[in-house]
Q: 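Provided herewith is a single structure, encoded as structure tokens, for subsequent inquiry.
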Amino acid sequence: MQTAAPMKTKQLIQRFLPYFKPYKGTIAFDLLCASLTTVCELALPLIVQAITGRATTDLSSLTVRFVLTMGGVYLLLRVIDAAANYYMQSVGHIMGSRLETDMRRDLFHHLQQLPFAYYSDAKVGQIMARITSDLFEITEFAHHCPEEFLIAGVKILVSFIVLCGMNIPLTLMMFAVLPFMLYFARKYNSRMRRVFKERNRQVGEINAQVEDSLLGIRVVKSFGNEEIEEEKFAQGNRRFLDLKAESYKVMAAFGTSNRIFDGLMYIIIVVAGALFLKRGSLTAPEFMAYLMYAGVLLTSIRRIVEFTEQFQRGMTGIERFLELMDAPNDIRDAEDARELSGVRGGVVFENVGFHYQDDETEVLHHLNLTVMPGESIALVGPSGAGKTTLCNLIPRFYDVTAGRILIDGQDVKDVTLRSLRSAIGVVQQEVYLFAGTVFDNIVYGRPGASREDVMEAARLAGAHEFISALPQGYDTYVGERGVRLSGGQKQRISIARVFLKNPPILILDEATSALDNESEHVVQQSLEKLAKGRTVFTIAHRLTTIKGADTICVLTEKGVEESGSHQELLKKGGLYARLYAMYATAGEERAG
């Protein structure tokens, strides 16, 4: 997966702010509640100052009524504080979760739109880390960030104003420590951001390694290589530990520097405050208020310091989220794209050229090929000649880099992707079944189809009999990737899925090459039923399976080297005849 250039914090926040828009009312009230909790906290030193002021200057004025009034005011403030805090902890957190849900929705939608080329380089584990753990970090950041900065800002501003009213020199001396704290905060923030990003990337690597090992668990066990897999995992796990240790060291250095400044601020208040007390420019109640406000101020600063870690995790999460959202989608509908309807199945390749984005070597070069509606065409040739690539260009899994492809005279780039792909059915060598029931996997070919239609598709695919024999029939759970079924059973279910879709154009990509002879025979019969009345592209290494094709095209690095029916190509005595002779000889040796 390609990594974009690091973005500045301002850019990240600007890109992130639109997600707040639907919840601006909730955020506004949440910030109001944060302000109320702050006012309640700031009021206590003033109440204590008022009580101690009367106690030290005129004890008779410290009446029961006054004390109860102050107590009542503070009780009211605490009730308001409790209600406001409840809103922040409940509705505020729910708002953050909704925001996370919106981002995950957008990210998953974007992932669905990205072309095949992206997934050829991406690691699924890395993507999973970004769509789960990274977004959770963003949720915490999104909820707490506005609150914490508002609370800290209000506390610092109000404390500064109130304390200046008591003693300006002492206040200035006390607040002179803040610029140094901010300097060190900025210094350590950049280091934390780098470490957190690398740590999150390593989480993705661990996910990718676990996924790779578990999906290949049969291979692992068949070779007895559990220890190798454990060692591979241990390396990634140790790397993650090293990164976490580094992050904790940076956080510890950051926290220690702030504790030093905390102590310095208290020393200034105690020493300078005592001197001002001696000179008479500061009263005892004011000195007590200074100490209490210093506590409030330092508590606020500590929370900001603690939140700095969360802030950097949030920024890291946003950056990784945007890196994925910024992954380009080169294959999309043109602005004036129209629906592809009434498809007959004529396919024309005009001077088609293709190479992959990261490789300038051309896989296809000036390829010309015309396939008539309902015609069956087989593609054969050596590996790497571009057979699968050619078929992938028809549904625009990749886009041609030269020339064009027409379906019934319409350029595939001029029609909508949905209508184009709905007209094409693909049966691949590697069958993918989703975790779910047999019914779920077949109905995927035409969502909303009736159970009768699904069963009819299964009958046409030769799958109804074995499905009916399963423990729960069509409601049998197939396991992840269909692990509970045999290769032939999975392939017939995938064929039933295409039968249900009923596309006019069919692509068979090595559909039987991974099956045993008995399964191949059954599946081949199903494919022959499926191919009737459709334009069919067949990629096959087993040349006996394509003898009945209307046209056989032999692809090499030079393009279509020869084409014709099976008998015509044998008579030519060219490359196809040599390939067929080699295949027939190998078949006889296997039989012998």
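In this text the structure is predicted, and so the values were computed from the model without any measurement.
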Q: Charged N to carboxylate O below 4.0 Å: is that the case for E568 and K571?
A: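 Result for this pair is no, no salt bridge flagged.
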Q: When the ring centroid of H566 is compared with that of Y580, is the distance short of 6.0 Å?
A: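 Centroid distance H566-Y580: below 6.0 Å, so yes.
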Q: As an exercise, state the distance from CZ of R313 to OG of S133, rounded to the nearest 0.5 Å.
A: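 The OG atom of S133 is 11.0 Å from CZ of R313, to the nearest 0.5 Å.
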Q: To the nearest 0.5 angstrom, please state how far the CZ atom of R201 sits from the OG1 atom of T316.
A: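 Taking CZ in R201 and OG1 in T316, the distance rounds to 13.5 Å.
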Q: Using a 3.5 Å distance criterion without hydrogens, assess whether the side chain of N329 forms a donor-acceptor pair with backbone atoms of Q113.
A: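 Yes, the answer is positive, given that a donor and an acceptor are paired below the 3.5 Å cut-off.
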Q: Assess, by modelled atom type and distance only, whether the side chains of T556 and E561 contain a donor and an acceptor separated by less than 3.5 Å.
A: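 The answer is yes; a qualifying pair exists.
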Q: Is atom OH of Y19 surrounded by more than 12 heavy atoms (other residues, nucleotides or ligands) closer than 6.0 Å?
A: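 Yes.
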Q: So Y444 and F434, would you call those rings parallel, tilted or perpendicular, with 30° and 60° as cut-offs?
A: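 If you compare the ring of Y444 with that of F434, the planes turn out tilted.
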Q: Between the side chains of K532 and E528, is the shortest nitrogen-to-carboxylate-oxygen separation below 4.0 Å, so that they form an ion pair?
A: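 No.
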Q: Any sub-3.5 Å donor-acceptor pair from Q202's side-chain atoms to G236's backbone N or O?
A: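 At least one qualifying donor-acceptor pair exists.
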Q: Measuring from R396:CZ to L420:CG, what's the distance to the nearest 0.5 Å?
A: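 Here the interatomic distance stands at 7.5 Å.
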Q: Has E430 got more than 12 heavy atoms of other residues, nucleotides or ligands less than 6.0 Å from its CD?
A: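 Incorrect, the count does not exceed 12.
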Q: Tell me if a side-chain donor or acceptor on S422 pairs with a main-chain N or O of R418 at a distance below 3.5 Å.
A: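 Here the side-chain-to-backbone pair exists.
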Q: Can you see whether D102 engages Y23 through a side-chain donor-acceptor pair at a distance of less than 3.5 angstrom?
A: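 Note: D102 and Y23 side chains meet the donor-acceptor criterion.
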Q: More than 12 heavy atoms of other residues, nucleotides or ligands under 6.0 Å from CE of M128: yes or no?
A: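 12 or below, so no.
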Q: The test is ring pair (Phe, Tyr, Trp, His ring centres under 6.0 Å); show your working for H366 and F349 and say whether it passes.
A: CA-CA 9 Å; H366 290 297; F349 295 80; over 10 Å; no
Q: Output the distance between atom NE2 (H355) and atom OG1 (T401), rounded to the nearest 0.5 Å.
A: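 These two atoms lie 4.5 Å from each other.
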Q: Would R404 and D399 count as a salt bridge (charged side-chain N to carboxylate O under 4.0 Å, His left out) if you check the C-alpha gap in whole Å, the side-chain angles of each, and the deciding distance to 0.1 Å?
A: CA-CA 9 Å; R404 60 179 186 160; D399 266 340; over 6 Å; no
Q: What are the two closest heavy atoms between K387 and I539, and how far apart are they?
A: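 Heavy atoms only, the tightest pair is O-CD1, 3.6 Å.
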Q: Between E198 and R194, is the closest basic N to carboxylate O distance under 4.0 Å?
A: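 Salt bridge absent between R194 and E198.
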Q: Say you draw a straight line from CG of D414 to CD1 of I407; how long is it, rounded to the nearest 0.5 Å?
A: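 Reported value, rounded in 0.5 Å steps: 11.5 Å.
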Q: How long is the straight-line distance from CG of D330 back to CG of L114, given to the nearest 0.5 Å?
A: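 Atom-to-atom, L114:CG and D330:CG are 9.5 Å apart.
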Q: Answer with yes or no whether the side chains of S419 and T416 bring together a donor and an acceptor at under 3.5 Å.
A: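 Distance-only check passes for T416 and S419.
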Q: If I compare all heavy atoms of V427 with all of S494, which pair ends up nearest, and what's the gap?
A: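 In this case the closest contact between V427 and S494 is CG1-OG, 4.0 Å.
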Q: Counting only heavy atoms not in R451 (residues, nucleotides, ligands), do more than 12 fall under 6.0 Å from its CZ?
A: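 More than 12 within 6.0 Å, yes.
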Q: Output yes when D333 and K413 qualify as a salt bridge under the 4.0 Å nitrogen-oxygen rule, no when they do not.
A: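 Not counted as a salt bridge, because no side-chain N and carboxylate O are separated by less than 4.0 Å.
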Q: Can you tell whether the side chains of R130 and E323 come within less than 4.0 Å, N to carboxylate O?
A: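 So R130 pairs with E323 through a salt bridge.
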Q: Ignoring hydrogens and angles, tell me if any N or O in the side chain of D408 forms a donor-acceptor pair with the backbone of R344 under 3.5 Å.
A: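 Yes; at least one donor-acceptor contact below 3.5 Å.
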Q: Counting heavy atoms not belonging to Y477, are there more than 12 under 6.0 Å from its OH?
A: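 Yes.
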Q: Any donor-acceptor pair under 3.5 Å linking the side chain of Q11 with the backbone of K8?
A: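 The answer is yes, because a donor-acceptor pair under 3.5 Å joins these two groups.
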Q: Between the main-chain N or O of A461 and the side-chain N or O of S526, is there a donor-acceptor pair closer than 3.5 Å?
A: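 Present.
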Q: Of all heavy-atom pairs between I394 and I405, which one has the smallest distance, and what is that distance?
A: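 The pair with the smallest heavy-atom distance is N-CD1, 4.3 Å.
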Q: Side chain of R534, backbone of L506: donor and acceptor closer than 3.5 Å?
A: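 The answer is no, because no donor-acceptor pair under 3.5 Å joins these two groups.
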Q: Could you check whether any side-chain heavy atom of P504 comes within less than 4.5 Å of a side-chain heavy atom of T535, counting everything from C-beta outward?
A: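 No, side chains not in contact.
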Q: Look only at the side chain of R104 and the backbone of I131, and say whether a donor-acceptor pair between them is shorter than 3.5 Å.
A: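 Yes: the side chain of R104 pairs with the backbone of I131.
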Q: Go through it in stages, so that I can follow the logic: the residues are F354 and H365, the test is ring pair (Phe, Tyr, Trp, His ring centres under 6.0 Å), and I'd like the CA-CA distance, side-chain angles, deciding distance and then a yes or no.
A: CA-CA 7 Å; F354 177 78; H365 179 68; over 10 Å; no
Q: Determine whether the side chains of S468 and Y474 contain a donor N or O and an acceptor N or O closer than 3.5 Å.
A: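 No - no donor-acceptor pair under 3.5 Å links their side chains.
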Q: Taking the basic N atoms (NZ, or NE/NH1/NH2) and the acidic carboxylate oxygens, is any pair closer than 4.0 Å for R497 and D440?
A: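 D440 and R497: not salt-bridged.
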Q: Are the side chain of E562 and the backbone N or O of L575 linked by a donor-acceptor pair below 3.5 Å?
A: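 Side chain of E562 to backbone of L575: a pair is present.
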Q: Can you tell me which residue among L460, D453, V454, I442 is in a side chain to side chain contact (heavy atoms under 4.5 Å, CB included) with F499?
A: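 Per the side chain to side chain contact (heavy atoms under 4.5 Å, CB included) rule, the option paired with F499 is L460, out of L460, D453, V454, I442.
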Q: Is there a side chain to side chain donor-acceptor pair (under 3.5 Å) between S563 and Y576 once you walk through the steps?
A: CA-CA 9 Å; S563 64; Y576 178 79; over 6 Å; no
Q: Using a cut-off of 6.0 Å, state whether more than 12 heavy atoms not belonging to R446 lie near its atom CZ.
A: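 Atom CZ in R446 is packed in, count exceeds 12.
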Q: Looking only at non-hydrogen atoms, find the nearest pair between L569 and A577 and report the distance.
A: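 Heavy atoms only, the tightest pair is O-CB, 3.9 Å.
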Q: Taking the inter-plane angle between the rings of F141 and F16 on a 0 to 90° scale, is it parallel (under 30°), tilted (30 to 60°) or perpendicular (over 60°)?
A: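 Ring orientation, 0 to 90° scale: tilted.
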Q: Among side-chain atoms of E100 and S97, is any donor-acceptor pair under 3.5 angstrom?
A: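 No, no side-chain donor-acceptor pair sits under 3.5 Å.
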